Amino acid sequence: MSRYIATHAIRGANAIVQEAEELLERTLKEKGPDTAVAFPNTAYYLPFILGMTGTEISKIGELPPILEHAKKLLSPVPTDSRWLPYLGETLDCGMATLFAEEIIMALKFVTGEQPEKLPGLQLAGSTSFTSPDNGGGPNGNGYLNGPIDDIQLRSWGIQLVDGRMPGFAAIVGAAKSNEVAVKIVRELQRRSILTFLIGSSNGKSIIHQLMEEGVELGYDTFTVPFGTDTESAIYPLGFATRSALTFGGMKGGQAKEILRYNKERVFAFVLALGEVDDLKYATAAGAINFGFPVIADTVIPEILPTGVTTYEHVISMPFNEIEGADDLERAEKLVQKCIEIRGVKVTIAEVPVPVPYGSAFEGEVVRRADMRVEFGGKNSRAVEYLFMDEMDNVDDGKIELIGPDFEDVEEGGAIDLGILVKVAGRKMEKDFEPVLERQIHYFINGASGIQHIGQRDIAWIRISKGATEKGFNLKHFGDILHTRFHSDFGSIVDKVEVTIITDPDMHAEWLEKARAAFNERNVRMGAMTDESVDEFYSCTLCQSFAPDHLCVISPERLGLCGAYNWLDCKASKQINPTGPNQPIKKGTEIDAEKGYFQGVNEFVQVASHGAVQEVSMYSIMENPMTACGCFECIAMVIPEANGIMIVSREDSSMTPAGMTFSTLAGVAGGGLQTPGVMGHGKFYISSGKFILPDGGLKRVVWMSSILKEQMAEQLKAIAEREGEPDLLDKIADETICTDVEGVVKHVTEKNHPALSMPPLM
Ligand code: SF4
Ligand code: ZN
């Protein structure tokens, strides 16, 4: 144990705890003990405090005992003459530091000093934090992120579970230069490692550096800027605590278990850039308790393995001494070293394109001003079509461009594009074509500087100037698709051939062929009902964090996260025969309208470990399907209006249930059957089986407006079929009212059909 580190960490801890004490005293005096204190958009109170002590803090007056607890963990700063080199003391001081930091940040929320303001910042993605002066909209415009909200935690949860996201990095400080900052972040993004940005060094933060270089920050690009002060390190550690509570099934107060879960399951590390002061040492000591090692790019003493972290605790890699031709190469090596030290598993295939590649780039936007060329959208048409053929007819690895590349298109211009993917495989089935075709979106989007939206004949692709300068051309689409289909779907696809078409005649010819195929598929899909198949599928992917939950997926009811429909499950079973999607024989039909099947009940009993005995496939009132937490929508009964409301995950406003989506999610999730409340996938609403025994779409009295917009066409068709052409207009939404009285008034005025239906309860 290094005396140097211990001295600094202990001194830092004493100072920050004292600061927390002073701030607490002051705020108590000014605001009073009953003033509410909370982090926004989380049901986990102050998550680190909850996890470590089990205390649910909701008022300032409840903080003093926590502060006392932190003080007890402190040790006196070692003097020159007396020195006990215990790692334990340093680690305890680290814990005290984290308690103090969470108290400080919570109090700063009370006084409006959190989240931090940073003029000019625009976050990419669904930051649901609502700042006081951005008109209540999403995207904390001009604000740093603050704590990650529960919705985002859950949606990343799926990616952590299925390995798309190998871990997270907390970067503290500032890099040697802006160029190095960008390189480090790109290297992490390329590997889909979630990157948290914190703190400053000599008055500059890596957040400033990335902003200056125009790097897009936000949930969508896997880069979350928390704050330019060191105290914001509590946000990622609170996130780590909540991961253990959400996905590890731990309870508040199980400190040891939570810390161990993180050490074993969460592949995270801290990268300290620039000089390390007392508070950074103290905070690093806190992170080491979670098993997260600290790598510094400056000269500091190292702490070698003792068992708290898997490998070394503190590693020094002075930036200028890293071997490499230039700073960029040194940055790359630094990131590699971090990954080795934490043992992060990176699974993404190496895709042979001249731009960075990884799922971290999936959400990237290419703005018109940065765009070199586009395909599809307003001024041209892009079509993508995947189909199977005989083994002998597919030339694996062949990538052909028919027509000119885009070098002669004027800057910012548009041309027609066709992407044909021909596959063959012994286990390939015609039914899998749409499943594989949908992957084109994710695969192409993984390239940095390329934006892909839509599918089929409404695809819309943009290539940025930056990507073009790096040498990206149309054939690279073929390289991406060939590599990814082999690496991700190798068990059903043996051969992949890609043809890229810009030639106008060929484009017209294939557009027509593709459209005929899409039509045929639509007809097939439309004809596919729950009655037309013998087997449904299970999905137990979410059992890793909701141990008793499973989705039963039928042709007319997709998984509640929206990511898996019946065909996806069928394909997934082929790809991974012992995986989470297993066929469920329907067996004897017990009640067709409510959707009770002998085989489904038997399967559910076993797969839920006895927690669920019976499940109705279609009812919200009687034995509804359970939910894990990743649902796209929550439906809930509003007895006063004799109907149900549906709130979308994308809607952060208040609902007539008196709760927002994120609070409701706590009620609906957890793998329990709660009659009257149900999580479901968005497209279940337009299914013929949507709450069939409870009255179907005509029961819906309130619905988030975003659902009305996104599904306008389908919903209108159902309304007409049901003989209620104005139904959508009769359904209230958050722009009309957000309370029960408002709903009752609206449905009464509009003479909503639910009013004359049999009572729900
Ligand atoms: Fe989880 Fe259900 Fe989605 Fe499967 S279908 S990933 S169990 S929410
Ligand atoms: Zn889930």
Side-chain angles (χ1 to χ4, degrees), residues 150-165 243 246-249 359 362 434-435 438-439 442 488 530 533 535-584 595 600 603-609 611-612 615-618 620 623-635 646-650 661-662 664-674 677-685 687 689-690:
D150 285 351
I151 300 176
Q152 192 58 46
L153 171 80
R154 287 206 192 83
S155 81
W156 274 337
I158 305 182
Q159 304 189 40
L160 286 164
V161 168
D162 71 13
R164 264 180 290 162
M165 193 185 275
S243 316
T246 312
F247 308 122
S359 46
E362 272 173 23
V435 177
R438 250 191 302 148
Q439 306 300 319
Y442 299 101
D488 293 32
D530 286 3
V533 298
E535 286 174 348
F536 296 161
Y537 281 90
S538 66
C539 184
T540 49
L541 201 56
C542 288
Q543 287 202 342
S544 53
F545 61 91
D548 296 335
H549 167 74
L550 75 154
C551 284
V552 180
I553 298 174
S554 69
E556 290 179 275
R557 182 162 186 180
L558 78 171
L560 51 85
C561 60
Y564 294 87
N565 65 29
W566 187 83
L567 275 180
D568 295 317
C569 292
K570 192 172 172 211
S572 149
K573 163 78 182 161
Q574 280 294 341
I575 295 164
N576 182 4
T578 57
N581 305 116
Q582 295 298 324
I584 304 176
V600 172
F603 191 99
V604 167
Q605 284 157 17
V606 176
S608 74
H609 315 103
V612 178
V615 67
S616 152
M617 289 291 294
Y618 316 129
I620 182 178
N623 297 310
M625 210 177 283
T626 60
C628 42
C630 343
F631 28 70
E632 291 183 292
C633 301
I634 301 172
I646 306 174
V647 54
S648 156
R649 180 176 289 274
E650 291 152 289
F661 180 94
S662 65
L664 264 173
V667 179
L672 296 174
Q673 275 183 323
T674 319
V677 187
M678 187 173 80
H680 60 85
K682 196 185 285 177
F683 284 100
Y684 179 48
I685 305 173
S687 154
K689 296 289 197 289
F690 178 68

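When a residue number appears, it is its place in the shown sequence, counting from 1. Remember, predicted model here, so these are calculated numbers, not experimental data. Both ligands and their constituent atoms are indexed starting at 1 by order of listing.
Looking at heavy atoms from C-beta onward, R438 lies in side-chain contact with N565 at the 4.5 angstrom threshold. Inter-residue side-chain proximity for P583 and F536 is flagged as unmet; no heavy-atom pair is nearer than 4.5 Å.
Contacts of P580 with ligand 1, taken as heavy-atom pairs under 4.0 Å, are absent altogether.
Remark: ligand 1 atoms within the under-4.0 Å shell around heavy atoms of L560 are 8 (S). Residue-ligand proximity, C539 to ligand 1, at heavy-atom distances under 4.0 Å covers atoms 4 (Fe), 5 (S), 6 (S), 7 (S). Residue C628 approaches ligand 1 through these ligand atoms, each under 4.0 Å from one of its heavy atoms: 8 (S). Listed by number with element, the atoms of ligand 1 under 4.0 Å from a non-hydrogen atom of G559 are 5 (S).
A cation-pi arrangement is absent between R649 and F661 under the rule of less than 6.0 angstrom and at most 45 degrees off the ring axis.
Note on C551: counted as a metal contact of atom 2 (Fe) of ligand 1, an N/O/S atom lying under 2.8 Å.
Taking 4.0 Å as the cut-off between side-chain N and carboxylate O, K573 and E535 do not count as a salt-bridged pair.
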*Under the side chain to side chain contact (heavy atoms under 4.5 Å, CB included) rule, what do Q673 and V615 come out as? Steps first, then yes or no, please.*
CA-CA 9 Å; Q673 275 183 323; V615 67; 4.2 Å; yes

